[in-house]
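Structure, as structure tokens:
We name chains A, B, ... by the order of the sequence lines, and we start the count at 1 in each one.
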2 protein chains.
Amino acid sequence: MFRNFLDLMVLRLVQQEPLWGYKIIKYAMEKHGISIRHGALYPLLNNLEREGYLKSRKEAMNGRVRKIYEITSKGMKIVNTYNDYLKEQIEEAGIKT
Amino acid sequence: MFRNFLDLMVLRLVQQEPLWGYKIIKYAMEKHGISIRHGALYPLLNNLEREGYLKSRKEAMNGRVRKIYEITSKGMKIVNTYNDYLKEQIEEAGIKT
DNA sequence: TACGATATGTCTCTTTAGAGACATGTCTCA
DNA sequence: TGAGACATGTCTCTAAAGAGACATATCGTA
């Protein structure tokens with residue numbers, strides 16, 4: 001079905017806007033209070049790209065190179081499936097939004 | 001934060017009504033189309049009880065013994081935290097329920 | 001009485017995930 | 001020039017998870 005929570009969080013963050021690793025770590029902390037170790041994230045990003053869920057381009061910003069990721073249609077499928085699942089669960093739990 | 005998807009599904013199913021292992025497997029398939037192997041579920045249920053998220057009682061039904069699980073307040077905390085997280089994600093994704 | 005469904009459990013093997021260290025390099029500002 | 005933020009990567013060790021078999025026992029029905 002899905003992957004795990006971390007994979008999904010990364011896919012969802014990147015889906016909202018193209019992001020690079022360092023920023024993903026910042027966002028996860030700021031938006032969700034979740035700390036992601038970079039030693040876990042960078043290999044994960046490379047895996048997600050290798051498996052076709054994300055694609056990257058390198059961008060030089062003031063001499064520092066960022067590897068910016070965007071979601072692919074294959075990645076969007078995962079996110080959409082997850083969103084449907086969320087909706088189902090929300091309805092099941094009777095939560096009002 | 002949380003545990004994994006399987007743990008949460010089990011906690012949420014048991015929270016809806018007291019259930020035993022065999023029925024959880026049936027429900028997961030009927031309600032979500034997800035197959036749970038019994039070799040994974042029974043140890044998990046025992047762990048969740050040992051850690052205080054669930055409590056069980058044995059009930060004899062027509063000579064067959066069922067181990068019926070109920071959620072504890074500690075288990076409810078996990079479910080509620082997860083529901084808040086769901087709500088957050090739903091709002092973030094702009095999904096209408 | 002044999003089969004399929006109900007019901008719960010363990011065990012081993014393999015794969016995957018996680019913690020944390022090792023490694024490198026730039027930029028900005030004090 | 002030194003500290004802290006920015007930026008990305010690998011590696012090893014350990015812990016956890018998953019697949020699938022082994023194991024047992026009852027009930028209902030054909």
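- Remark: side-chain polar atoms of A:T72 are not paired, donor with acceptor, to backbone N or O of A:K55 under 3.5 angstrom.
- Within residues 12-30 of chain B, the residues approaching DNA chain C are B:W20, B:G21, B:Y22, B:K26, by heavy-atom distance under 4.0 Å.
- Straight-line distance from the CG atom of A:N46 to the P atom of D:dT8: 10 Å, rounded to whole Å.
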| request: I would like to know whether A:M9 and A:F5 meet side chain to side chain contact (heavy atoms under 4.5 Å, CB included); could you show each step before the answer? | output: CA-CA 6 Å; A:M9 179 180 301; A:F5 281 117; over 6 Å; no

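- In this entry the distance linking CD1 of B:I68 with P of C:dA7 reads 9 Å, nearest Å.
- As a whole-Å value, the separation of B:L48 CG from C:dT8 P is 15 Å.
- Look at NZ on B:K58: it is 9 Å from P on C:dT8, rounded to the nearest Å.
- Remark: B:S56 engages B:E49 in a side chain to side chain donor-acceptor pair (under 3.5 Å) (not counting sequence neighbours).
- Each salt bridge (Lys or Arg N to Asp or Glu O under 4.0 Å) pair with one or both residues in residues 67-86 of chain A, not counting sequence neighbours, appears once here: A:R57-A:E70.
- Between the CZ atom of A:R66 and the C1' atom of C:dC27 there is a distance of 12 Å, given to the nearest Å.
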| Protein proximity profile, nucleotides 15-29 of chain D - base contact B, sugar-phosphate-only contact S, no contact -, cut-off 4.0 Å on heavy atoms | --SSBB-----BB--

Name each donor-acceptor pair under 3.5 Å that joins a side chain in residues 25-37 of chain A to protein atoms two or more places apart or in another chain, with its distance.
| from | atom 1 | to | atom 2 | distance (Å) |
| --- | --- | --- | --- | --- |
| A:Y27 | OH | A:E17 | OE2 | 3.1 |
| A:K31 | NZ | A:Q16 | OE1 | 3.4 |
| A:H32 | ND1 | B:E88 | OE1 | 3.3 |

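- Taking B:N47 as the reference, B:R50 meet the side chain to side chain donor-acceptor pair (under 3.5 Å) condition, with sequence neighbours excluded.
- Rounded to whole angstrom, the span from the CG atom of B:L41 across to the P atom of C:dT6 amounts to 15 Å.
- A:R66 pairs by the side-chain contact (heavy atoms from CB on, under 4.5 Å) definition with A:W20, A:M61, A:I68, not counting sequence neighbours.
- B:R12 and B:L86 make their closest contact through NH2-CD1, 3.9 Å (heavy atoms, listed as atom of the first residue, atom of the second, distance).
- Regarding A:R50, its CZ atom lies at a distance of 10 Å from the P atom of C:dT16, rounded to whole Å.
- Rounded to an integer number of Å, the gap from CG of A:L44 to C1' of C:dT16 is 12 Å.
- Remark: B:Q15 engages no residue in a side chain to side chain donor-acceptor pair (under 3.5 Å) (not counting sequence neighbours).
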